[in-house]
Amino acid sequence: MTELHSDCASCAGLCCVELPFTRSADFAVDKPAGKPCANLTGDFRCRIHDRLRESGYQGCVTFDCFGAGQRVTRARLDVALFPLIRQLHELLWYLEEASRHGHTADLLKETEALAASPVIDPLQIGELRGRVGARLGEISERVRGRSREMRRDLAGAKLRGQDLRNVSLRGRLLIGADLRGADLRTADLLGADLRGADVRGADLRGALFLTRPQVAAARGDRTTRLDLDRPGHWT
Ligand code: SF4
């Protein structure tokens with residue numbers, strides 16, 4: 001079984017080297033791909049690990065390689081493959097999630113084979129991503145049944161206490177939305193941008209395709225109900 005959780009202790013800091021940053025609310029500085037972050041130590045540790053948010057590196061708090069880092073490190077693969085394998089591991093994670101509700105074994109096998117390939121064509125990933133997205137959509141509709149649509153831009157929306165069960169919020173911008181006490185059980189949250197969304201008291205149990213990075217980017221606390229592990233920075 002492919003590991004789909006990051007294990008930084010088994011990785012040579014690939015996300016801190018191979019990925020680019022753009023100076024923004026998520027990163028304090030610009031960094032090109034292939035250049036080690038200035039905060040990376042010689043033994044692949046982060047010297048500001050315990051103060052990333054205060055130091056302007058919120059993007060590092062929410063990033064998840066879905067296990068691609070340890071795969072590339074352990075197999076001594078070309079580190080340039082890391083961003084591509086990370087995309088494939090993310091697809092594997094979604095397919096694993098979806099397998100609880102429908103048939104994904106064929107796509108899981110195909111995605112795993114591509115991730116294990118010594119040569120990966122980014123165009124193949126794009127084509128595969130389209131088919132995975134379509135399958136996830138079919139499974140989501142089957143699980144949710146007929147449900148209302150929400151408008152696309154919900155940034156800052158006041159959705160406190162709303163019944164959002166079974167609603168598709170796929171790809172929606174929910175940046176800074178007030179979702180306190182909202183019921184999001186079986187809502188489709190594939191690709192929804194939850195940065196800064198207030199999910200205190202919200203019920204996210206059974207939400208479809210909710211990832212660890214999405215949860216880490218939201219603002220929750222001990223009253224938030226969810227199936228994933230609670231981020232350490234939630235209080
Ligand atoms: S700040 Fe730390 S976690 Fe973020 S890229 Fe740099 S070394 Fe890695």
Side-chain angles (χ1 to χ4, degrees), residues 2-94 96-97 115 120 122 125 129 155 173-176 189 191-199 204 209-222 224 226 228-235:
T2 303
E3 279 180 58
L4 300 176
H5 278 73
S6 56
D7 176 7
C8 300
S10 301
C11 175
L14 298 185
C15 60
C16 310
V17 178
E18 294 304 318
L19 300 181
F21 312 153
T22 300
R23 188 173 178 176
S24 61
D26 286 336
F27 296 104
V29 296
D30 290 321
K31 184 190 88 60
K35 180 182 175 189
C37 172
N39 298 315
L40 187 65
T41 65
D43 58 352
F44 309 123
R45 305 282 176 223
C46 173
R47 61 171 58 90
I48 59 167
H49 178 71
D50 56 351
R51 50 193 156 91
L52 282 166
R53 288 158 65 83
E54 307 88 294
S55 305
Y57 288 84
Q58 165 74 11
C60 300
V61 177
T62 59
F63 179 79
D64 194 317
C65 76
F66 294 94
Q70 65 260 33
R71 180 185 196 129
V72 172
T73 301
R74 286 179 186 151
R76 299 176 186 273
L77 301 176
D78 180 351
V79 293
L81 288 175
F82 169 68
L84 300 178
I85 292 179
R86 194 259 177 196
Q87 290 182 50
L88 291 168
H89 271 226
E90 185 178 20
L91 293 183
L92 286 170
W93 187 89
Y94 283 126
E96 287 275 3
E97 280 291 297
I120 300 174
I125 299 180
R129 182 180 290 280
L173 293 176
L174 285 154
I175 300 169
L189 289 168
D193 192 336
L194 291 170
R195 281 177 293 169
D198 193 340
V199 295
L204 291 153
F209 315 128
L210 177 67
T211 64
R212 295 182 298 271
Q214 285 173 302
V215 170
R219 288 194 295 134
D221 65 8
R222 69 185 64 169
T224 307
L226 74 171
L228 298 169
D229 289 340
R230 210 169 292 276
H233 59 276
W234 283 10
T235 55

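Sequential numbering from 1 along the given sequence is applied to the chain's residues. Order of appearance sets the numbers: ligands from 1, and atoms from 1 within every ligand. Quantities reported herein were computed from a predicted structural model and do not represent experimental measurements.
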- Query: Just wondering, are more than 12 heavy atoms of other shown residues or ligands nearer than 6.0 Å to CZ in Arg23?
  - Reply: no
- Pick from His89, Gln70, Arg212: which one makes a side chain to side chain donor-acceptor pair (under 3.5 Å) with His5? Arg212
- Atom indices of ligand 1, in the order listed, that fall short of 4.0 Å to a heavy atom of Tyr57: 1 (S)
- Task: For atom 6 (Fe) of ligand 1, find the nearest protein heavy atom and state the residue, atom name and distance (0.1 Å precision).
- Result: Cys37 SG, 2.4 Å
- Look at atom 4 (Fe) of ligand 1 and say which protein heavy atom is nearest, naming residue and atom and giving the distance to 0.1 Å. Cys60 SG, 2.4 Å
- Item | Within 6.0 angstrom of His49 NE2, more than 12 heavy atoms from elsewhere | no
- Nearest protein heavy-atom contact for atom 5 (S) of ligand 1: which residue, which atom, what distance? Phe21 CZ, 3.3 Å
- Item | Nearest protein heavy atom with distance in Å, relative to atom 2 (Fe) of ligand 1 | Cys46 SG, 2.3 Å
- Enumerate the atoms of ligand 1 whose separation from the nearest heavy atom of Asn39 is less than 4.0 angstrom. 1 (S), 6 (Fe), 7 (S)
- Mark the output for Thr41 as yes if a heavy-atom distance to ligand 1 is under 4.0 Å, and as no if none is. no
- Message: What I want to check is whether the side chains of Asp26 and Ser24 have a donor and an acceptor closer together than 3.5 Å.
- Response: no
- Query: Quick one: nearest non-hydrogen protein atom to atom 8 (Fe) of ligand 1, plus distance?
  - Reply: Cys16 SG, 2.3 Å
- Pair Arg219 + Asp198: basic N to acidic O under 4.0 Å: yes
- Query: Aromatic rings Tyr57 and Phe21: how do their planes relate, parallel, tilted or perpendicular, breaks at 30° and 60°?
  - Reply: perpendicular
